[in-house]
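Residues take their numbers from the sequence shown, with the count starting at 1. Remember, predicted model here, so these are calculated numbers, not experimental data.
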Amino acid sequence: MTLFDGKVALVTGGGSGIGMATALAFARSGARVMVADINAIGAADTVRQIEEAEGEAISFQCDVSDESDVERLIAETITRFGRLDFAHNNAGIGAPPGPIHRADRTAFDRVLAINVVGVWLCLKHEARYMLEHGGGAIVNTASLAGLIGFPQNVAYAASKHAVVGITRTAALEYAQRGIRVNAVCPAFVRTPMLASYLASDPRHFNEERLAGMQPMGRFGTPEEVADAVVWLCSDRAAFITGIALPLDGGTTAR
């Protein structure tokens with residue numbers, strides 16, 4: 001018997017990076033997994049990997065900033081799997097780096113729509129179900145940029161600070177109603193988003209410099225974040241709610 005036998009997990013942004021790693025980790029722990037992503041091809045690839053490992057998963061194309069999409073996502077999860085126990089609200093994007101006085105309003109609004117409104121909408125509808133069906137555990141992906149400043153990335157930093165605020169507020173609202181809500185706050189992790197960031201300005205953003213900003217001297221891995229998400233959803237973390245867990249190679253210890 002594995003950790004999550006008979007349980008169902010939902011992962012947004014599950015088509016790549018941290019979301020893909022988390023979906024795979026949930027499946028290895030015995031959960032059936034709903035893999036949601038606006039990139040249908042990526043979500044399908046994650047499902048393929050789970051099925052090749054003899055797990056059970058389905059994919060769903062979803063724009064988390066669209067409430068009707070989110071409602072359909074939750075409904076489809078319940079229809080196909082009969083329940084929802086865990087959710088990892090992970091879908092997120094960044095904006096091109098640059099100083100605040102040059103930041104683009106359209107890009108800023110889009111980051112907040114996905115990273116803040118998207119997390120809120122998913123949590124809203126996940127909580128509605130869990131409140132009526134015995135509770136559950138929810139983990140939101142924030143960032144180290146949700147705990148400290150992140151120069152040249154005002155939209156991303158603002159959005160991830162907001163995710164921490166949403167997480168703590170929800171944790172207090174549901175602390176006595178069977179729903180635990182936590183956040184993970186990764187520093188630089190080797191994902192497609194990081195690759196895009198590095199490519200945006202190779203003169204200023206390079207692997208050695210960014211890795212050196214973290215005391216361990218390396219990037220994190222999606223699997224390390226996924227392991228933290230799965231642990232936070234498990235009964236091993238039963239007395240933990242409302243935390244913003246740094247996964248930062250020691251950065252916040254400075």
Side-chain angles (χ1 to χ4, degrees), residues 3-4 9-31 33-53 55 57 59 62 64 86-94 114-115 118-119 122 137-147 150 153 156 159-160 163-164 167 182-200 205 207 210-211 213-234 237 243-252:
L3 185 63
F4 292 149
L10 162 64
V11 180
T12 68
S16 65
I18 290 169
M20 175 182 283
T22 303
L24 293 167
F26 272 126
R28 285 194 300 272
S29 296
V33 186
M34 169 62 85
V35 181
D37 203 299
I38 197 165
N39 179 355
I41 295 173
D45 183 52
T46 301
V47 169
R48 176 189 59 78
Q49 293 182 57
I50 290 172
E51 291 177 341
E52 287 178 352
S59 63
C62 179
V64 295
F86 314 120
H88 182 200
N89 298 323
N90 168 74
I93 61 172
I114 300 297
N115 296 9
V119 166
C122 288
I138 297 170
V139 178
N140 300 319
T141 297
S143 170
L144 180 63
L147 301 175
F150 191 19
N153 291 273
Y156 192 75
S159 73
K160 294 305 186 177
V163 170
V164 172
T167 299
N182 292 293
V184 288
C185 298
F188 292 115
V189 173
R190 197 174 290 283
T191 64
M193 183 181 290
L194 175 62
S196 176
Y197 184 70
L198 290 168
S200 67
F205 307 126
E207 291 201 18
L210 294 187
M213 292 170 64
Q214 300 175 154
M216 284 188 175
R218 67 172 178 87
F219 295 139
T221 69
E223 291 73 22
E224 287 169 330
V225 181
D227 286 344
V229 173
V230 168
W231 175 72
L232 284 170
C233 287
S234 75
I243 68 164
L245 178 65
L247 299 161
D248 64 359
T251 305
T252 49

Does [Y] offer a backbone N or O that forms a donor-acceptor pair with the side chain of [X] under 3.5 Å?
| X | Y | answer |
| --- | --- | --- |
| Thr252 | Asp248 | no |
| Gln214 | Phe188 | yes |
| Lys160 | Cys185 | no |
| Asp37 | Gly15 | yes |

Exercise for the section: Start with the C-alpha gap between Asn115 and Tyr156, add the side-chain angles, then the distance that decides, and say whether side-chain contact (heavy atoms from CB on, under 4.5 Å) holds. Expected result: CA-CA 8 Å; Asn115 296 9; Tyr156 192 75; 3.8 Å; yes
For a quick test of reading the model, state the closest non-hydrogen atom pair linking [X] to [Y] and the distance between them.
| X | Y | answer |
| --- | --- | --- |
| Val35 | Ala57 | CG2-CB, 4.5 Å |
| Pro186 | Ala142 | CD-O, 3.8 Å |
| Ile50 | Ala23 | CD1-O, 3.8 Å |

What distance do [X] atom [atom1] and [Y] atom [atom2] have between them, rounded to the nearest 0.5 Å?
| X | Y | atom1 | atom2 | answer |
| --- | --- | --- | --- | --- |
| Thr46 | Gln49 | OG1 | CD | 6.0 Å |
| Ile38 | Ile114 | CD1 | CD1 | 6.0 Å |
| Glu52 | Leu24 | CD | CG | 10.5 Å |

Handout entry: Arg218 and Glu224 ion-paired at < 4.0 Å
Key =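 A salt bridge is present here (some side-chain N lies under 4.0 Å from a carboxylate O).
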Problem - Residue pairs fulfilling salt bridge (Lys or Arg N to Asp or Glu O under 4.0 Å) with at least one residue in residues 186-197, sequence neighbours excluded - result: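 Residue pairs passing salt bridge (Lys or Arg N to Asp or Glu O under 4.0 Å), neighbours aside: Arg190-Glu207.
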Between [Y] and [X], is there a side-chain heavy-atom distance shorter than 4.5 Å?
| X | Y | result |
| --- | --- | --- |
| Asn89 | Val139 | no |
| Leu147 | Pro246 | yes |
| Phe219 | Val189 | no |

Exercise for the section: Return the set of residues passing side chain to side chain contact (heavy atoms under 4.5 Å, CB included) with Ala31 (not counting sequence neighbours), or none when no residue passes. Expected result: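 Result, side chain to side chain contact (heavy atoms under 4.5 Å, CB included) vs Ala31: Phe4, Ala9, Phe26.
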Exercise for the section: Check side chain to side chain contact (heavy atoms under 4.5 Å, CB included) between Pro215 and all other residues, then give those that pass, not counting sequence neighbours. Expected result: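 In terms of side chain to side chain contact (heavy atoms under 4.5 Å, CB included), with neighbours along the sequence ignored, Pro215 is linked to Thr251, Arg254.
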Problem - Residue from Ile243, Leu232, Thr22, Val163 passing side chain to side chain contact (heavy atoms under 4.5 Å, CB included) with Val184 - result: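 With Val184 as partner, Ile243, Leu232, Thr22, Val163 yield a single side chain to side chain contact (heavy atoms under 4.5 Å, CB included), made by Leu232.
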Handout entry: The single option from Thr12, Val11, Leu10 passing side chain to side chain contact (heavy atoms under 4.5 Å, CB included) against His88
Key =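 Going through Thr12, Val11, Leu10 one by one, the side chain to side chain contact (heavy atoms under 4.5 Å, CB included) with His88 is satisfied by Val11 alone.
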Exercise for the section: Please test Val230 against Leu3 for side-chain contact (heavy atoms from CB on, under 4.5 Å), starting from the C-alpha separation and ending with a verdict. Expected result: CA-CA 10 Å; Val230 168; Leu3 185 63; 4.3 Å; yes
Problem - side-chain contact (heavy atoms from CB on, under 4.5 Å) evaluation trace for Ser16 with Asn39 - result: CA-CA 9 Å; Ser16 65; Asn39 179 355; over 6 Å; no
